[in-house]
Protein chains: 2
Amino acid sequence: MPRKRNGKSHGAPTIAQVATEAGVSPATVSRVMNGRFVGADEIAERVLQAAARLDYSPSYSARSLALGHTQAVAFVAPDLRNPAFQTILSGLSATAGDDGYRVLIGDSAESVSEEPLLAREVRRRCDALVLCAPRMDQEELSGLAPALQPMVLINRSGGGAVPTLNVDYYSGIRSLLEHLHDLGHRRIAYVSGPAHSASNEHRRAGIRSFRDRHPETGVIEVAGGASSQDGFEAVDSVLRAEVSAVLAFNDLVAIGLIGGLQDQGRSVPEDISVAGFDDIPFARYIAPPLTTASVPHEELGIQAWYRLRALIKGQEPAHDVVFQPRLEVRSSTAAPQSSPR
Amino acid sequence: MPRKRNGKSHGAPTIAQVATEAGVSPATVSRVMNGRFVGADEIAERVLQAAARLDYSPSYSARSLALGHTQAVAFVAPDLRNPAFQTILSGLSATAGDDGYRVLIGDSAESVSEEPLLAREVRRRCDALVLCAPRMDQEELSGLAPALQPMVLINRSGGGAVPTLNVDYYSGIRSLLEHLHDLGHRRIAYVSGPAHSASNEHRRAGIRSFRDRHPETGVIEVAGGASSQDGFEAVDSVLRAEVSAVLAFNDLVAIGLIGGLQDQGRSVPEDISVAGFDDIPFARYIAPPLTTASVPHEELGIQAWYRLRALIKGQEPAHDVVFQPRLEVRSSTAAPQSSPR
DNA sequence: GCCCTGCTAGAAAGCGCTTTCTCAGTCTAG
DNA sequence: CTAGACTGAGAAAGCGCTTTCTAGCAGGGC
C-alpha cells in the first residue's frame, strides 16, 4: 500500500474525512456531492458545510476508477507548432470544455515511429481520442484503430467503423492549380509534403487529375516537407525547375518559400507566384498576402468533439464530412511576366 | 459497484486476468510489469507472454489511485488561439513528454471569472500546473496559490513560494520606445492590453519610466485588448491621437492595427510606424515585417517543465528567471515623415 | 542433522471513490 | 392495531492497481 498508512495529516481530504466531519457515512457524502441525495435537507446541508470547511473536492483518480471513465479525451498530432493543428486543438478543447471534458495532448514531435505507441498511451489515459496522423502507414492505422476506439480520425480513412473528418485536398489542390492556370501559368512547381503523408497523396492525385485536363501544363514536383524550414530549403530546386508559379504543400512551406525566394532577390508574385494550403490565421497578413485554400480547422476540432461525444454516450455519431477548401485568392499569385528573365 | 459485476467479457483485460492466464498472482504480474520482479526468469517470461497474448496494459486510473500521482501536468492559458501561449504549450508538452509526462489543457477562453475554478479543476486532475493567468486579480491569485501547488507561474508573481518565469515587459517596452524615439518619433500611441492584465501594467510602468527620461515625447494610451480584432478596432482612436508611431500590446494587436491602418489608406511604416511585442513565429513574415520585442516562449515552456519536475520530485526548483526580450527591428518602424500629412 | 537466514512468490490491505444491497424506521391502508 | 409498502441512510463490495506483510522453502553454518 502507498505511503502513509494512518496519519492523514497532509494531502487532500478524503470523502471519509468529510463523512466523519459531518457525522454521516461516505455513501451519503458521495450522494450529496453528486446530487443524488434524497432525504433530509438538514443532512445535505451538514455535508455541504463539512465539505466546505475541509475544502474537499473528490479525487479524480478515485472517481475515474470507480466510474470507469475519465472525462477527458486525447488529441494527438504530429506537430503542435503547426498552426493548423493548434487551431484544431483549440476548437476541440473549447467545445469539449463546454461539456466538462478536458483534453490531454500527445505531441508526437514528427516521430512517426513513436506515434502508435503514443496514441495507445494517451488513448488509454482518456475516454476517447482525436487522431491526426497524416504519415502513419495505412496498414498500421487500420490495425491500431480497434484498440483506439472510440476515436475520430482527421484526414485519414479509418477503414469503416471510425468516424472521420476529411478535407478534400484533391479538390483544393485542383482549384489552386486551375487558379494558377487561369492566370496563365504553364509551368508550375509543387513542393510536396513529407514522404508517406496521406494528405500529400491526395494532393498528388489532384495534380494528376489536373494534368489530365491540362496536358499542356507542366507540374513539376520537388521535394519539400511540412515546415517553413522545408519550404526555405526547397527554393533552389524550385528555381532550377524554371517555373512561373509554385504551389506549396501548406502555408508554412509557402511562407518559407517566399522568404527564401525574396532572399534570392525574386519578388512574389512578380517573378514567381506562390500559393499555400490551409489558410492559417496569418496567411492573410504575410507579405504578400498568401493565396491559399482555406480549411476550417477550428470547425474540424468542433465537429471532432461532437462525434466523440456521441461515441462516448454510445450514440450514433453524425455522418462523416469532407470539408471543401475554399479558394482564397490574395496577392501572392498573379499572371506570369510576359518576358520571364 | 459499477456496471457488470461478473462477466469480464469486453473491456480491457485486468491484471487479474493476466495473472490467471500466466498462473501467477497479480502481485507478480505487477512486479514484472514494473521491472521490480526478482525471481525465476521463466516466471517473468510467462507473465510477459500472457500479457502480450491478452494485449494487456495497466489501467491508468487504477495506477494513479494506487500510486497517488498521474504522470500528467496541467496547462492553463487564457487563449489557446494566441500563438504565444501555443508556443509555450508546445515547449512544455515536448519537454514533459520526454520525461513521460503528458499535459492536460485548460483553456479559460478569456473568461477571467472562471479561471480560478478551471485552474483548481485541472490541477486536481494532475500532479502539477503551469498557470498563465495574466488577468487574474492578484489577491485571488495569492489566495489560490497554496491550493494549486506544485505549480509554476508564467508572468505573474506568486508571492513567495511559487517558482515564476517572467518576461521583462518593463525593459522590453522601454527598448521599443527608445527605438521609436531614436527614429525621431515624438508622439507615440500605446494600444494597451486588456484591463487588469498584469503584464499590461508592467508595460505601462515601462512607459512611465520612458516618459520620465524623455519628457518631450508624448505617449498616448488608447484602449486595446489582446487580439487582432482589438487592434483593428483601435485604429480610429490611434488616428485621432495624431501620432507618428504606435506600439501595440502584442504582435496580434499590431497585426490587426496594420491591417486596419492599411484599410484606411495609411501605409506602414511610411505614414505611421507600428511595433508589436512577443515576436510570434509569423511576425517576421507579415507585411511589413514587424518590429517587436522577441520573447522566447518555447523556452518558457521548457523551463516551466524543469521547475515542475523538480517540484514533483520534491527537489528545489532552479531559481526564477526573468527573460529579457530582445529588440527585433524590422521594417514596420521607420523614421517619421518630415512633413506629416 | 538442526536452526537460522535468505529468498521467492502469494495473500491481503489499501488508494478514494460509487453504488448495490440491506435494514431499521415510518407511513398508510385495511 | 397490525401488515405491507416505502423511505432514508449506512455497510460493504468493488473498480484495478501497488506494496507490505507473510509464509514456504532452500541453503548454509555449527
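In the text below, chain A, chain B and the rest are named by the order of the sequence lines, each starting its count at 1. Basis for what follows: all heavy atoms, side chains included, without hydrogens, waters or symmetry-related copies.
Atom CZ in R124(A) sits about 11 Å away from atom P in dG16(D), given to the nearest Å. Between I15(A) atom CD1 and dT18(C) atom C1' the separation is 8 Å, expressed in whole Å. For the pair L67(A) CG and dG14(D) P, the computed distance is 17 Å after rounding to whole Å. At whole-Å resolution of the value, CG in L65(A) and C1' in dA13(D) are 13 Å apart. Atoms CD (Q17(B)) and C1' (dC17(D)) sit 14 Å apart, rounded to a whole Å. Between Y60(A) atom OH and dT18(C) atom P the separation is 11 Å, expressed in whole Å. As a whole-Å value, the separation of M33(A) CE from dC17(C) P is 9 Å.
Residue S30(B) has a polar side-chain atom (N or O) positioned under 4.0 Å from OP1 or OP2 of dT18(D). In this structure, R63(B) reaches the dT18(D) phosphate: one of its side-chain N or O atoms is under 4.0 Å from OP1 or OP2. The phosphate of dG10(D) (OP1 or OP2) has a side-chain N or O of S25(A) nearer than 4.0 angstrom.
As judged by a 4.0 angstrom heavy-atom cut-off over every strand, T28(A) is placed among residues touching the sugar-phosphate backbone only. Among the heavy atoms of the strands lying under 4.0 Å from Y56(B) are primed sugar atoms or P, OP1, OP2 only; no base atom is included. Residue S59(B) is in sugar-phosphate contact alone, with no base atom involved, counting any heavy-atom pair closer than 4.0 Å across all strands shown.
For residues 60-74 of chain A, there are no salt bridge (Lys or Arg N to Asp or Glu O under 4.0 Å) pairs, not counting sequence neighbours. Applying the salt bridge (Lys or Arg N to Asp or Glu O under 4.0 Å) test to pairs two or more places apart or on separate chains, those with a residue in residues 297-309 of chain B are D99(B)-R309(B).
For P58(B), the listed nucleotide lying nearest its side chain is dC17(D); candidates were dC17(D), dT18(D), dG16(C).
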Would you be so kind as to tabulate the donor-acceptor pairs closer than 3.5 Å made by side chains of residues 142-151 of chain A, with sequence neighbours excluded?
| unit_1 | atom_1 | unit_2 | atom_2 | d |
| --- | --- | --- | --- | --- |
| S142(A) | OG | Q138(A) | O | 2.9 |
| S142(A) | OG | Q138(A) | NE2 | 3.3 |

Using distance only, find each side-chain donor-acceptor pair of residues 157-164 of chain B under 3.5 Å and give its atom names and separation, not counting sequence neighbours.
| unit_1 | atom_1 | unit_2 | atom_2 | d |
| --- | --- | --- | --- | --- |
| T164(B) | OG1 | V162(B) | O | 2.9 |

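Classification of R46(B) and E21(B) as a salt-bridged pair fails, no side-chain N sitting under 4.0 Å from a carboxylate O. Between E121(A) and R102(B) there is a salt bridge, since a side-chain N of the basic residue sits under 4.0 Å from a carboxylate O of the acidic one.
Non-hydrogen atoms lying under 4.0 Å from DNA chain D are contributed by F37(A), V38(A), G39(A), A40(A), I43(A), all within residues 34-46 of chain A.
Between S61(A) and A27(A), it is S61(A) whose nearest contact on DNA chain C lies nearer the 5' terminus.
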Taking only N/O atoms, report every protein-nucleotides 22-24 of chain C pair under 3.5 Å with atom names and distance.
none

Next on the checklist: Apply side chain to side chain contact (heavy atoms under 4.5 Å, CB included) to residues W305(A) and V152(A) and explain how you reach the verdict.
Outcome noted: CA-CA 9 Å; W305(A) 169 245; V152(A) 359; over 6 Å; no
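Proximity of V167(A) to S199(A): side-chain heavy atoms (C-beta onward) are nowhere separated by under 4.5 Å. Using a 4.5 Å cut-off on side-chain heavy atoms (C-beta onward), P116(A) and M136(A) make contact. The shortest side-chain heavy-atom distance between L165(B) and D320(B) does not fall under the 4.5 Å cut-off.
Counting atom types as modelled, R31(A) pairs no side-chain N or O with a base atom of dG8(D) as donor and acceptor under 3.5 Å.
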